[in-house]
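Working notes, structure below.
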Amino acid sequence: MSVATVQLFYALLAVVAQAFVVGMVVIRVLAIGSERAHGWYDGVAAAIAPNAMAAAWLVAALATAGSLYFSEVAHFEPCRLCWYQRIAMYPLVMILGIGAVWRDWSAARYAIALAAIGGAVAAYHVGIEWIPALDTGACDVRVPCNVVWFREFGYISLPVLALTAFLSIVTLLSVRPVADRSPA
């Protein structure tokens, strides 16, 4: 399988995940003031919630596999911010996997915290890709953070893939019917 094919595959996954995240946010915001949207949100949340931990694990596993593929097979050398994002993503495979197997929702707390940190780093990395002047010295001259290895659909790059994965994990672990608001 060619690198271009893998890039396209992950870009398509990202578009689907982005649509999911945006859709869930829109429905949840509409549910604040609309009884009808509240019903939609509860219906979608009730369908997603039982398998949300396993779905979040799948996102983390695919993101981890993708990052390893791009560095080890495609030979895209990770920058410092890429490493920080990996530090946040790789443990999620174990945390979410154990949480999914044991159906232990307390794992969601730790996963959301790691995903939020990783998402913040990824968002900063996306900013540096588009506006290199945003670099505050976090990047190495040898492997700069503003190197764009690829752009699919005009905007999807490696940091965008990571940001999408982190946001998807947070969304999946946060979506529960409004009536079921027990602490994670």
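Keep in mind that this is a model prediction, so the values were computed, not measured. This chain uses plain numbering: 1 for the first residue, then up along the sequence.
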Worksheet item: What residues form a side chain to side chain contact (heavy atoms under 4.5 Å, CB included) with Phe153, not counting sequence neighbours?
Response: Leu8, Ala11, Leu12, Val15, Tyr155, Ile156
Worksheet entry | Worked verdict on Glu77 versus Val147 for side-chain contact (heavy atoms from CB on, under 4.5 Å) | CA-CA 10 Å; Glu77 190 170 356; Val147 170; over 6 Å; no
Item to complete: Locate the shortest heavy-atom distance separating Phe70 from Leu158; write the atom from each residue and the value.
Response: CD1-CD2, 3.4 Å
Worksheet item: How close do Asp135 and Tyr124 get, heavy atom to heavy atom, and via which atoms?
Response: CA-OH, 3.5 Å
Discussion item. What verdict does the side-chain contact (heavy atoms from CB on, under 4.5 Å) test give for Leu13 and Thr164, after you've listed the backbone C-alpha separation in whole Å, the side-chain angles of each residue and the deciding distance to 0.1 Å?
Written reply: CA-CA 9 Å; Leu13 283 178; Thr164 301; over 6 Å; no
Return a table of donor-acceptor pairs under 3.5 angstrom between the side chains of residues 30-37 and protein atoms on other chains or two or more places apart.
residue : atom : partner : partner atom : Å
Ser34   : OG   : Arg36   : N            : 3.4
Ser34   : OG   : Ala37   : N            : 3.2

Discussion item. How close do Ile128 and Cys139 get, counting heavy atoms only, and between which atoms?
Written reply: CD1-SG, 4.1 Å
Worksheet item: Do the side chain of Arg103 and the main chain of Met53 share a donor and acceptor less than 3.5 angstrom apart?
Response: no
Discussion item. Between Arg86 and Ser71, does the side-chain hydrogen bond (donor to acceptor under 3.5 Å, both in side chains) criterion hold? Intermediate values first, please.
Written reply: CA-CA 12 Å; Arg86 288 175 175 206; Ser71 65; 3.0 Å; yes
Item to complete: Can you measure from CZ (Phe20) to CG (Leu167) and round to the nearest 0.5 angstrom?
Response: 11.0 Å
Worksheet item: Do the side chains of Ile169 and Met89 get nearer than 4.5 Å, heavy atoms only?
Response: yes
Worksheet item: Where does the angle between the aromatic ring planes of Phe150 and Phe76 fall among parallel (under 30°), tilted (30 to 60°) and perpendicular (over 60°)?
Response: tilted
Discussion item. Is there a path of hydrophobic side-chain contacts, each under 4.5 Å between heavy atoms, that joins Met1 and Phe9?
Written reply: yes
Discussion item. If hydrophobic clusters are built by linking Ile, Leu, Val, Met, Phe, Trp and Tyr wherever their side-chain heavy atoms come under 4.5 Å apart, do Val73 and Trp83 end up in the same one?
Written reply: no
Worksheet item: Hey, what do you get for OG1 (Thr171) to CD (Gln18), rounding to the nearest 0.5 Å?
Response: 11.5 Å
Worksheet entry | Output field: ring centroids Tyr69/Tyr10 closer than 6.0 Å | no
Worksheet item: Are Tyr110 and Ile117 linked, directly or through other ILVMFWY residues, by side chains that come within less than 4.5 angstrom of each other?
Response: no
Response to the item:
Rounded to the nearest 0.5 Å, the CD1 atom of Ile112 sits from the CG atom of Leu172 at a distance of 10.0 Å
Response to the item:
Nearest heavy-atom approach of Phe166 to Gln85 is CZ-O, 3.5 Å
Discussion item. If I compare all heavy atoms of Val143 with all of Pro78, which pair ends up nearest, and what's the gap?
Written reply: CG1-O, 3.6 Å
Worksheet item: Can you tell if the side chain of His125 reaches within under 4.5 Å of the side chain of Cys79, non-hydrogen atoms only?
Response: yes
For residues 54-62, run the donor-acceptor check on the side chains, cut-off 3.5 Å, and write out each pair with its distance to 0.1 Å, sequence neighbours left out.
residue : atom : partner : partner atom : Å
Trp57   : NE1  : Val93   : O            : 3.2

Worksheet item: Taking everything shown except Trp102 itself, do over 12 heavy atoms lie less than 6.0 Å from its CH2?
Response: no
Response to the item:
For Asn146 and Pro132 the tightest heavy-atom approach is ND2-CB, 3.4 Å
